[in-house]
Amino acid sequence: MADFNFYDDLGVTEEGQDDQGTWASFSGRDSVMIAVDCCEQMFQLTNDDDESCPFNKICEAAKDMLRNKIICSERDLQALVFFGTEETKNPSDFKNIYVVQDLDSSSAARIEELQTLQDSTEADFKLKYGQCNDHQISDLLWCCSSIFSRTTVSLSSKTLILFTWEDDPHHGDRNAHLRARTKAKDLMEQDITIQVLSFNRSFDYEKFYKDIISDVDADVSIIQNPVDGITNLYDFLLRKCSKQRAMGTISFQLFDGMEMYVGVYTAARRATKSSNVNIDSTSNEEAFAKTNFVEKDTGDILLPGDIKLSQKWGNRDIMFENDEVADMRKFFGTGMKLLGFKPTAKAVKPWLHVKAAQFIYPNEKAVKGSTTLFSALLIKCIERDVVPICSLSARSNTAPRCVALLPQQEVIDETTGEQKQSPGFYVIFLPFSEDMRNIELKETKEPDEEAVKTAGTFIRKLKFTYHPMNFDNPALQTHYRNLEAMALEKDAPDEIDDLTQPNFDRITKKAGDLIAQFKEQVYPSGYDPTAKVSKPRPTATKRKTEAANGGTNAKQMNIADIKELASTGKLAKLTVSVLKEFCKNNGINVTGKKQNFIDAIEEKFL
């Protein structure tokens with residue numbers, strides 16, 4: 001019989017702890033295939049300021065992507081294909097197509113191979129692969145489709161990114177154009193997303209590739225060449241290849257008989273180190289822990305049905321079946337229910353932050369018409385500047401939470417035609433009344449006006465535009481660099497720039513005199529605010545403390561004190577070490593949790 005707490009695992013956890021466990025997990029892996037045109041122009045510098053050619057930039061970005069996948073999602077698959085080569089290597093034996101890396105997960109060997117390609121010159125490439133402009137885009141699409149179809153694992157997304165130079169690879173051949181367009185439609189029917197990028201400044205989608213890209217609704221007349229002017233191709237590829245996958249799908253009930261289904265997405269999450277893995281010291285293979293419950297008297301292994309859960313009520317152990325406990329944890333099922341509307345300014349305030357916000361978007365596949373109903377609600381909320389107040393329960397055994405749905409309008413980049421902001425609602429978790437705290441601020445002396453003016457002046461001089469993407473976590477980066485050095489057998493890990501450290505030279509240059517003036521106005525003469533203050537060590541003194549004090553010494557406790565604490569229900573305020581020492585001194589044999597010691601003492605003296 002196990003001890004049970006009704007408030008365990010109710011889903012009400014600290015911020016960020018239930019981001020993964022609240023929703024159902026999704027099967028399948030993301031897959032990305034990069035196809036690179038190997039014509040002569042890809043090995044030439046496009047700008048005078050460039051240090052590497054487009055081919056080397058692509059290899060470097062692909063290498064960085066593999067390094068990122070090892071850290072973030074090691075199960076995802078990537079592939080690299082060259083077209084326009086004299087050598088041929090592909091599963092369908094199409095001419096002038098060379099599969100450098102088949103669709104597989106990241107590894108140290110694949111990263112080293114891409115590093116070799118990045119450092120190679122055009123002469124090295126011609127010697128190993130050769131160059132040939134006689135290739136068919138239809139054959140390339142067919143080859144990439146067959147590579148995706150040969151994969152035995154389940155794929156949740158399939159993306160083909162095609163880097164090319166020629167905007168009309170078939171030079172007006174209508175039959176070749178028709179074959180490529182037909183094959184592109186076949187890939188789209190297989191849920192393969194096709195994206196075409198080029199380093200050619202005069203690249204024109206209208207000539208050929210407007211019929212190849214997956215976004216058939218895009219206005220190619222306003223789309224400028226996206227690769228032109230990009231400083232970090234790796235970041236650009238991550239945005240193109242990353243798929244926003246919903247954590248789960250829930251129902252959104254507006255009123256009885258009217259509901260739609262929405263997907264819930266993570267707006268932001270905390271980056272953490274990968275979890276530790278237990279390995280066998282002899283075989284170096286992963287070891288798994290298995291827990292069995294054993295009956296104390298006979299030593300028999302207990303099955304789940306043999307274990308009862310209990311809680312003490314009125315000095316009696318009340319036992320519950322597992323099904324009864326599961327029913328107690330259920331509230332009103334999963335989903336979101338509309339409670340009403342409130343003005344945005346009154347409902348959403350910065351200091352009401354409880355946990356990271358989430359984002360919802362309609363799921364047309366779950367219920368037809370969800371997009372139309374969702375759009376109508378979003379438009380009206382934006383027009384009237386109100387937010388829907390809803391109750392949200394992610395799982396059937398999760399306590400409901402009050403949330404406010406903050407509307408967000410769609411924003412399109414006028415120059416590229418790409419979506420910068422998605423239309424939908426941010427799910428803002430609202431605090432309960434018990435979560436609000438009244439903080440008593442101590443009265444302090446009013447500062448000197450001159451000191452306030454000086455502080456305001458140097459603070460304005462030290463202001464800068466902050467963006468979280470400009471700052472990496474130095475602890476995480478150090479951890480990843482060490483793992484990378486071990487995997488790639490480097491002599492030493494790559495150095496990192498800790499941008500969280502203040503630039504004292506720049507601070508002194510911009511506001512050094514003002515800071516010194518501020519110190520003279522605030523601190524007494526000769527005072528150094530950066531010096532550490534040494535505190536005297538407290539002397540050891542004996543004093544008799546109240547039983548409610550958790551630091552009570554067990555040797556000072558007598559039976560009369562224990563009886564008084566047990567009768568008033570204050571035994572729980574003693575520490576486990578005190579209870580254990582008292583039981584040992586008074587011949588009470590008990591082990592286990594703190595509650596076991598309390599029960600044994602109450603049974604003996606009450």
Side-chain angles (χ1 to χ4, degrees), residues 19 23 26 156-157 159 191 193 195 213-223 226 236 238-255 258-269 335-350 353 355-392 394 402-430 467-469:
D19 288 344
W23 308 96
F26 287 82
S156 60
S157 67
T159 304
D191 293 330
T193 303
Q195 299 180 6
I213 58 178
S214 297
D215 192 359
V216 295
D217 297 329
D219 187 1
V220 295
S221 62
I222 66 172
I223 298 179
F236 182 76
L238 283 185
R239 293 197 303 270
K240 286 291 184 182
C241 300
S242 299
K243 297 294 182 182
Q244 281 289 353
R245 188 163 53 183
M247 295 188 299
T249 302
I250 59 174
S251 63
F252 186 179
Q253 184 177 353
L254 301 181
F255 53 87
M258 176 63 69
E259 68 176 2
M260 56 183 167
Y261 271 73
V262 295
V264 183
Y265 299 83
T266 300
R269 59 178 297 181
M336 186 182 300
K337 291 184 179 181
L338 179 63
L339 303 178
F341 297 88
K342 292 190 70 174
T344 304
K346 293 184 178 180
V348 181
K349 301 181 186 296
H353 176 75
K355 57 176 290 187
Q358 295 169 342
F359 191 79
I360 58 173
Y361 192 80
N363 190 331
E364 190 71 17
K365 294 182 180 180
V367 172
K368 190 175 182 180
S370 295
T371 303
T372 304
L373 183 58
F374 187 90
S375 300
L377 178 65
L378 178 65
I379 292 172
K380 288 300 179 182
C381 289
I382 294 175
E383 289 178 355
R384 301 184 181 185
D385 194 20
V386 296
V387 294
I389 305 298
C390 307
S391 63
L392 170 64
C402 289
V403 297
L405 305 184
L406 183 64
Q408 175 177 273
Q409 200 167 10
E410 184 181 22
V411 177
I412 302 294
D413 193 333
E414 297 179 357
T415 58
T416 63
E418 294 185 350
Q419 187 185 71
K420 297 175 64 177
Q421 289 184 0
S422 301
F425 289 96
Y426 280 102
V427 181
I428 310 296
F429 291 85
L430 300 177
H467 194 279
M469 295 299 294

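Of the residues listed (Leu339, Leu338, Val403), the one engaging Ser391 in a side-chain contact (heavy atoms from CB on, under 4.5 Å) is Leu339, and it is the only one.
For Ser251, there are no side-chain hydrogen bond (donor to acceptor under 3.5 Å, both in side chains) partners, not counting sequence neighbours. Partners of Thr371 by side-chain hydrogen bond (donor to acceptor under 3.5 Å, both in side chains), not counting sequence neighbours, listed by chain and number: Glu364. Residues passing the ring pair (Phe, Tyr, Trp, His ring centres under 6.0 Å) test with Phe425 are Phe374, sequence neighbours excluded. In terms of the ring pair (Phe, Tyr, Trp, His ring centres under 6.0 Å) criterion, Phe429 has no residue partners (sequence neighbours excluded). For Thr372, the side-chain hydrogen bond (donor to acceptor under 3.5 Å, both in side chains) test picks out no residue, with sequence neighbours left out.
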Under 3.5 Å, side-chain donor or acceptor atoms of residues 377-384 against the rest of the protein: list the pairs with distances, not counting sequence neighbours.
none

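One finds the NZ atom of Lys337 at 10.0 Å from the CD atom of Glu259 (value rounded to the nearest 0.5 Å). With rounding to the nearest 0.5 angstrom, the CE atom of Met336 is 6.0 Å from the CZ atom of Phe252. Atom-to-atom distance recorded for Leu406:CG and Phe359:CZ is 10.0 Å, nearest 0.5 angstrom.
Within the 4.5 Å cutoff, the side chain of Met258 has heavy atoms near those of the Leu373 side chain. At least one side-chain heavy atom of Ile250 sits less than 4.5 Å from a side-chain heavy atom of Leu392. For the pair Val427 and Leu405, the minimum side-chain heavy-atom distance is below 4.5 Å.
For the residue pair Ser370 and Asn363, no side-chain donor N or O sits within less than 3.5 Å of a side-chain acceptor on the partner.
In terms of heavy atoms, Tyr426 sits closest to Ala267 at CE2-CB, 4.0 Å. Across Ala366 and Thr249, no two heavy atoms sit closer than the pair CB-CG2, 4.3 Å.
Counting heavy atoms of neighbouring residues, nucleotides and ligands inside a 6.0 Å radius, atom CD of Gln409 does not exceed 12 of them.
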